[in-house]
Amino acid sequence: MEENFSNISKMEFDNSLRESSLSVQGLLITQNRNFDRYFQDLLNKSEQILLDTFPSKYGELYTQNDGKIFRDLYVELRQYYRGSGVNLEEALTEFWSHLVDRVFKAQNSQFTFTDDYLDCLAKQYDQLKPFGDIPREMKLKATRAFIAARSFVQGLSAAADIVRKVTQVPMSRECTREVMKLMYCPLCRGHYNVKLCDNYCLNVMRGCLANQADLDPEWRNLIESLLLVAGKFNGVAGVENIIGTIHIKISEAITHMQENKEVITNKVFKSCGNPKKANKGAKTEERKRKGKAIAEDKSTIPSMDNMVSDVKVMLAEIQDYWVSLPNIFCSEKVIAGPGNEDKCWNGMARARYMPERMGSGLANQINNPEIDVDITKPDMTIRQQIMQLKIMTNRLRNAYNGNDVDFQDTSDDISGSGSGDGCTDTVCIKTVSGDSSVIHTQTHVVFKDKSPGSNGNASSWNLSLLLAALLVAHFARW
């Protein structure tokens with residue numbers, strides 16, 4: 001019977017923990033999908049508006065290669081959002097470089113331009129600023145927007161994965177026995193309707209869930225970082241406005257170059273020389289299709305304000321998840337509550353429970369009167385997940401400050417696994433190109449000879465002395 005009670009109590013404990021975990025995972029995964037879909041919808045709609053309106057607005061400028069440079073740009077933006085290693089700064093620089101060629105040739109279609117001439121045009125780009133300040137502004141704002149968007153989505157996914165992995169940590173044998181005593185010993189003594197003493201129940205559960213409670217500080221840091229990044233999503237300078245209006249910025253840049261056509265053309269001709277006239281059969285009519293910047297139709301896109309409000313409420317609700325786990329088991333249904341301290345089950349009898357309530361976390365279980373917890377042996381799976389929380393929080397803080405970070409599957413980032421961002425006894429530096437350089441720190445002083453050939457010279461000198469001594473000894477015999 002004791003074995004049956006042990007199996008039943010373990011099953012009930014695991015089920016309660018799993019139900020709570022699935023609930024939190026469900027909230028995080030739902031928000032992850034909502035925001036991921038939202039950001040991709042913004043990008044898709046921006047591209048669709050561009051593809052629908054640019055052919056009639058810019059004519060030959062767009063139809064050259066069927067608008068390939070515009071489609072390629074959106075492909076690069078999607079890959080960057082997904083964290084596939086695309087360098088956004090290089091992608092945008094390449095886009096503006098190709099675009100200035102197209103616009104310049106469309107504006108001066110009565111001429112033919114060789115590759116050398118276009119190379120000369122490219123060298124004048126920084127001085128000419130044909131698109132005004134829009135490329136620099138777009139690079140800065142778009143980079144920050146995409147970093148914030150993808151880090152937030154990644155953070156929600158990482159949080160759900162951490163909850164899933166921690167839930168799979170099995171109960172200890174000691175915990176299984178104490179939970180059985182907690183749930184079924186009163187029945188064996190004939191106390192069918194007696195509820196548990198509050199502190200007795202909490203001491204058992206806090207002992208069983210001590211390792212899980214150690215996630216609390218880093219979990220709160222992650223939630224706080226997610227809330228910080230979410231604050232960057234709405235408003236004029238928010239992620240929503242920047243990602244959703246990329247096509248408008250491109251249109252404004254082209255319009256700026258069209259309006260300054262004569263100034264730009266004269267400067268280029270002066271620096272690169274006069275190009276050759278085109279063949280008589282070639283089209284010489286420039287297609288000027290200026291118009292106002294395209295207004296975005298947001299009818300099919302949900303409100304970012306509502307989404308941010310919802311996710312903030314959800315994150316606040318799960319902020320104390322790990323330290324509140326014991327309360328799932330020690331609910332009002334099973335504990336006696338205030339005023340019944342002398343009528344509750346204290347583990348031995350129906351009487352007051354005298355020991356004090358233990359705190360949360362492994363270190364606070366050293367004097368737990370109900371469960372013998374070895375505080376020197378933390379659960380390694382949970383320690384690994386604490387490291388994952390630190391890694392993800394660091395990424396979010398970097399993203400909040402607009403710094404690019406390297407995104408991978410967080411399950412590969414466990415320190416010591418040989419992959420990810422963890423560095424032992426090293427300093428990791430993110431280069432501009434996106435490559436990671438590793439600088440090993442010097443752990444002890446190493447004395448080196450200043451001369452590269454000093455060791456060889458010393459050996460030769462010692463050999464010379466030995467030969468001289470032998471010669472002296474030889475002639476001494478004579």
Side-chain angles (χ1 to χ4, degrees), residues 29-55 62 65-99 102 134-135 137-158 229-230 232-234 237-254 294 296-298 300-302 304 307 392 395-396 398-399 402-410 412 430 432-435:
I29 291 170
T30 298
Q31 292 294 339
N32 168 272
R33 290 174 178 170
N34 288 345
F35 277 92
D36 183 50
R37 187 185 303 115
Y38 183 85
F39 293 136
Q40 296 206 51
D41 284 348
L42 281 176
L43 201 55
N44 291 341
K45 190 162 189 180
S46 173
E47 181 182 24
Q48 192 59 52
I49 293 173
L50 186 150
L51 296 177
D52 290 345
T53 59
F54 272 38
Y62 175 85
N65 293 332
D66 197 24
K68 185 176 183 299
I69 63 168
F70 301 105
R71 293 199 305 275
D72 287 349
L73 173 64
Y74 280 92
V75 169
E76 297 273 21
L77 291 174
R78 286 190 187 90
Q79 290 178 347
Y80 183 75
Y81 168 70
R82 292 168 186 153
S84 60
V86 172
N87 187 310
L88 185 58
E89 183 175 346
E90 291 180 0
L92 288 172
T93 299
E94 184 177 359
F95 167 74
W96 294 117
S97 176
H98 288 317
L99 185 61
R102 300 292 170 83
I134 293 173
E137 180 183 323
M138 183 173 167
K139 180 184 72 175
L140 180 64
K141 291 184 177 181
T143 300
R144 288 176 176 268
F146 277 101
I147 291 171
R150 72 178 186 182
S151 68
F152 187 78
V153 171
Q154 181 84 4
L156 292 171
S157 176
V229 175
K232 284 181 165 284
F233 290 161
N234 39 19
V239 171
E240 177 186 29
N241 188 57
I242 294 168
I243 295 179
T245 60
I246 290 173
H247 58 286
I248 296 177
K249 291 299 178 184
I250 295 173
S251 179
E252 290 175 355
I254 295 172
I294 307 151
E296 183 181 5
D297 176 17
K298 297 186 179 180
T300 61
I301 299 181
M304 173 59 83
M307 291 180 64
M392 195 65 240
R395 289 176 170 179
L396 286 163
N398 273 289
N403 298 325
D404 199 358
V405 281
D406 199 12
F407 278 83
Q408 301 171 354
D409 180 0
T410 53
D412 295 330
K430 188 75 178 178
V432 176
S433 63
D435 299 324

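These numbers come from a predicted model, not from an experiment.
The only member of Phe35, Tyr81, Tyr38 that meets ring pair (Phe, Tyr, Trp, His ring centres under 6.0 Å) when paired with Phe152 is Phe35.
The two residues Ile147 and Gly402 come nearest to each other via the heavy atoms CD1-O, 3.9 Å. The two atoms that bring His247 and Phe54 nearest to each other are O-CZ, 3.8 Å, heavy atoms only. In terms of heavy-atom proximity, Ala145 sits nearest to Val239 at O-CG2, 3.7 Å. Contact detail for Val229 and Ser151: the closest heavy-atom pair is CG1-OG, 4.0 Å.
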* **Audit row: Gln79, Val75, side chain to side chain contact (heavy atoms under 4.5 Å, CB included) steps and yes/no** => CA-CA 6 Å; Gln79 290 178 347; Val75 169; 3.9 Å; yes

* In sequence, state the C-alpha distance, the side-chain angles, and the governing distance for Ile243 and Leu77, and then conclude on side chain to side chain contact (heavy atoms under 4.5 Å, CB included). => CA-CA 10 Å; Ile243 295 179; Leu77 291 174; over 6 Å; no

* To do: For side chain to side chain contact (heavy atoms under 4.5 Å, CB included), just list the numbers for Leu43 and Ile246, CA-CA rounded to whole Å, side-chain angles, deciding distance to a tenth of an Å, and then say yes or no.
  => CA-CA 8 Å; Leu43 201 55; Ile246 290 173; 3.9 Å; yes

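Taken from CD in Glu252 to CD1 in Ile248, the straight-line distance is 7.0 Å, to the nearest 0.5 Å. The OG1 atom of Thr143 sits 11.5 Å away from atom CG of Asn403, with the distance rounded to the nearest 0.5 Å. Atom-to-atom distance recorded for Asn234:CG and Asn241:CG is 10.5 Å, nearest 0.5 angstrom. Rounded to the nearest 0.5 angstrom, Asp36 CG and Ile29 CD1 are separated by 13.0 Å. To the nearest 0.5 Å, atom CG of residue Leu50 and atom OG of residue Ser251 are 8.5 Å apart.
Put simply, the side chain of Thr53 gets close to the backbone of Ile49: a donor and an acceptor are under 3.5 Å apart. For Asn32 (side chain) and Val153 (main-chain N/O), a donor-acceptor pair under 3.5 Å exists by modelled atom type.
Put simply, the side chain of Arg78 reaches to within 4.5 Å of the side chain of Asn44, judged on heavy atoms. Pro135 has its side chain out of reach of Phe95: every pair of non-hydrogen atoms, C-beta onward, lies at least 4.5 Å apart. Using a 4.5 Å cut-off on side-chain heavy atoms (C-beta onward), Glu47 and Leu51 make contact. Glu240 places none of its side-chain heavy atoms less than 4.5 Å from the side chain of Met307. You'll find the side chain of Leu92 reaches within 4.5 Å of the side chain of Leu73, heavy atoms only. Using a 4.5 Å cut-off on side-chain heavy atoms (C-beta onward), Trp96 and Met138 make contact. With a 4.5 Å cut-off on side-chain heavy atoms, Ile69 and Arg102 count as touching.
Here Glu137 pairs with Lys141, Lys249 under the side-chain contact (heavy atoms from CB on, under 4.5 Å) rule; sequence neighbours left out. Every residue was checked against the salt bridge (Lys or Arg N to Asp or Glu O under 4.0 Å) condition with Glu76, not counting sequence neighbours, and none meets it. Phe146 meets the ring pair (Phe, Tyr, Trp, His ring centres under 6.0 Å) test with no other residue; sequence neighbours excluded.
At a threshold of 4.0 Å, the pair Lys68-Asp72 counts as salt-bridged, since one of the basic side-chain nitrogens sits closer than that to a carboxylate oxygen. Under 4.0 Å is where a charged nitrogen must lie from a carboxylate oxygen, and between Glu89 and Lys139 at least one such pair does.
Under 3.5 Å, the side chains of Gln48 and Asp52 contain a donor-acceptor pair of N or O atoms. Looking at Ser46 and Tyr74, their side chains do bring a donor and an acceptor atom within 3.5 Å of each other.
The side-chain tip of Arg150 points at the ring of Tyr80 from less than 6.0 angstrom away and within 45° of straight on.
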